[in-house]
Amino acid sequence: MSENPTAPDSHVERTLPAPRDRSEPMFPGGPVADPAGSHHERRIRSFRPRRGRVTPGQGEALRRLWPQWGLDIDGLSRIDLGELFATEAGPRPGLPVVLEIGFGMGEATAQMAAADPGTGILAADVHTPGQGNLLALAERNGLDTIRVANGDAIILLREMLAPASLSGLRVFFPDPWPKKRHHKRRLIQPEFIELAATRMKPGALLHCATDWVPYAEQMLEVLSASPAFDNSQPDGGYAPRPDFRPLTKFESQGLDKGHLVHDLIFRRNDT
């Protein structure tokens with residue numbers, strides 16, 4: 001019988017590559033897995049850390065653009081927003097900045113940035129494919145007023161943003177955590193609103209949107225109870241979707257299924 005040339009040689013020692021350390025970034029120079037690490041206390045989080053499948057284009061954007069337009073939320077230092085949004089022409093100290101918490105794949109964020117080039121958008125999320133996609137959209141469309149933050153938005157607000165530094169806060173379609181035992185994980189809680197108020201300038205808009213009716217009701221209750229915010233609606237209810245909030249693919253699909261979408265727009269007062 002002839003020898004099989006493809007048969008494994010039992011005498012050859014085979015080695016497997018070492019598994020990748022999950023604490024290391026998937027993309028050198030890009031967002032890290034847990035930027036705050038052990039610097040800050042652990043607590044019940046309102047989000048699920050998600051890596052997801054990153055396309056080659058998204059990965060390339062993360063590698064090239066993160067050092068320029070990305071920010072890891074490590075909680076170790078206060079951000080100078082003028083420096084963060086600097087361009088080749090230099091810092092932009094007077095640029096109004098809106099914080100967007102949770103941007104999905106970033107299409108709506110890019111549309112809002114294109115429609116309002118005089119406002120900076122600091123977009124925070126933990127979804128790696130979305131981070132890469134938004135960076136690619138920003139470069140493709142020449143949107144130099146977008147910065148992408150990776151990590152826990154609570155740490156960003158509490159540790160890294162100065163008081164009265166934000167001109168707006170957007171929370172569009174956050175995880176509704178529908179099960180009753182998970183309601184404590186919802187982002188819009190009195191403690192969060194109290195923190196957000198300290199970082200927003202008088203007159204700044206806090207804009208939330210959700211397609212989960214029980215969560216919309218909780219949002220309205222929490223925001224209406226805050227002495228720091230006034231409802232933009234004279235009747236104290238929900239707001240119609242403003243033109244500046246794009247209708248996303250996700251939202252369109254929900255509307256086709258009969259979901260009700262509620263917008264809540266509250267203004268930071270002088271208290």
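No hydrogens, no waters, no symmetry mates; every other heavy atom, side chains included, goes into these values.
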Under a 3.5 Å distance rule, please check whether [X] uses its side chain to pair with a backbone N or O of [Y] as donor and acceptor.
{"X": "Ser232", "Y": "Ile265", "result": "yes"}
{"X": "His262", "Y": "Ala209", "result": "no"}
{"X": "Asp125", "Y": "Gly104", "result": "yes"}
{"X": "Glu139", "Y": "Ala136", "result": "no"}
{"X": "Asn133", "Y": "Met105", "result": "yes"}
{"X": "Asn141", "Y": "Leu143", "result": "no"}
{"X": "Thr271", "Y": "Pro227", "result": "yes"}

Shortest non-hydrogen separation from [X] to [Y] and the atoms involved:
{"X": "Asp72", "Y": "Pro35", "answer": "CB-CB, 3.7 Å"}
{"X": "Gly237", "Y": "Leu220", "answer": "O-CD1, 4.2 Å"}
{"X": "Arg186", "Y": "Pro214", "answer": "NH1-O, 4.2 Å"}
{"X": "Met112", "Y": "Arg245", "answer": "SD-CA, 4.4 Å"}
{"X": "Ala61", "Y": "Gly132", "answer": "CB-O, 3.5 Å"}
{"X": "Thr248", "Y": "Ala108", "answer": "CG2-CB, 3.6 Å"}

Decide yes or no for [X] and [Y]: does some side-chain heavy atom of the first lie under 4.5 Å from some side-chain heavy atom of the second?
{"X": "Glu217", "Y": "Tyr238", "answer": "yes"}
{"X": "Leu135", "Y": "Trp66", "answer": "yes"}
{"X": "Ile193", "Y": "Phe266", "answer": "no"}
{"X": "Leu81", "Y": "Ser165", "answer": "yes"}
{"X": "Leu122", "Y": "Leu156", "answer": "yes"}
{"X": "Leu260", "Y": "Asp211", "answer": "no"}
{"X": "Phe103", "Y": "Leu134", "answer": "yes"}
{"X": "Thr119", "Y": "Val97", "answer": "no"}

Under-4.0 Å salt bridge between [X] and [Y]:
{"X": "Glu100", "Y": "Arg147", "result": "no"}
{"X": "Arg92", "Y": "Asp144", "result": "yes"}
{"X": "Glu159", "Y": "Arg78", "result": "no"}

Any link between [X] and [Y] through a network of hydrophobic side chains (Ile, Leu, Val, Met, Phe, Trp, Tyr) touching at under 4.5 Å?
{"X": "Val98", "Y": "Phe192", "answer": "no"}
{"X": "Leu95", "Y": "Met160", "answer": "yes"}
{"X": "Phe173", "Y": "Leu255", "answer": "yes"}
{"X": "Leu161", "Y": "Ile154", "answer": "yes"}
{"X": "Leu247", "Y": "Val261", "answer": "yes"}

Quick check: are there more than 12 heavy atoms from other residues, nucleotides or ligands sitting under 6.0 Å from [atom1] of [X]?
{"X": "Asp256", "atom1": "CG", "value": "yes"}
{"X": "Asp235", "atom1": "CG", "value": "yes"}
{"X": "Lys201", "atom1": "NZ", "value": "yes"}

### Query
Is Arg267 close enough and on-axis enough to Phe229, meaning under 6.0 Å and within 45°, for cation-pi?
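Output no; distance or angle outside limits.
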
### Query
Is Arg185 close enough and on-axis enough to Trp177, meaning under 6.0 Å and within 45°, for cation-pi?
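Pair Arg185/Trp177 counts as cation-pi.
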
Spacing of [atom1] belonging to [X] relative to [atom2] belonging to [Y], to within rounding of 0.5 Å:
{"X": "Glu251", "Y": "Gln253", "atom1": "CD", "atom2": "CD", "answer": "11.0 Å"}
{"X": "Thr210", "Y": "Ile188", "atom1": "OG1", "atom2": "CD1", "answer": "9.5 Å"}
{"X": "Arg268", "Y": "Leu166", "atom1": "CZ", "atom2": "CG", "answer": "11.5 Å"}
{"X": "Met200", "Y": "Leu195", "atom1": "CE", "atom2": "CG", "answer": "11.0 Å"}
{"X": "Thr198", "Y": "Leu157", "atom1": "OG1", "atom2": "CG", "answer": "7.5 Å"}
{"X": "Ile121", "Y": "Ser167", "atom1": "CD1", "atom2": "OG", "answer": "12.0 Å"}

#### Entry: Stepwise side-chain contact (heavy atoms from CB on, under 4.5 Å) check, Trp69 with Val148
CA-CA 6 Å; Trp69 288 343; Val148 179; 5.8 Å; no

### Query
Between the side chains of Asn150 and Gln131, is a donor N or O closer than 3.5 angstrom to an acceptor N or O?
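Side chains of Asn150 and Gln131: pair found under 3.5 Å.
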
### Message
Taking the ring centre of each residue, are Phe172 and His207 less than 6.0 Å apart?
### Response
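Here the rings of His207 and Phe172 have centres that are less than 6.0 Å from each other.
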
### Task
Dump the intermediate steps for side-chain contact (heavy atoms from CB on, under 4.5 Å) on Met219 and Val222, then the final yes or no.
CA-CA 5 Å; Met219 289 179 175; Val222 170; over 6 Å; no

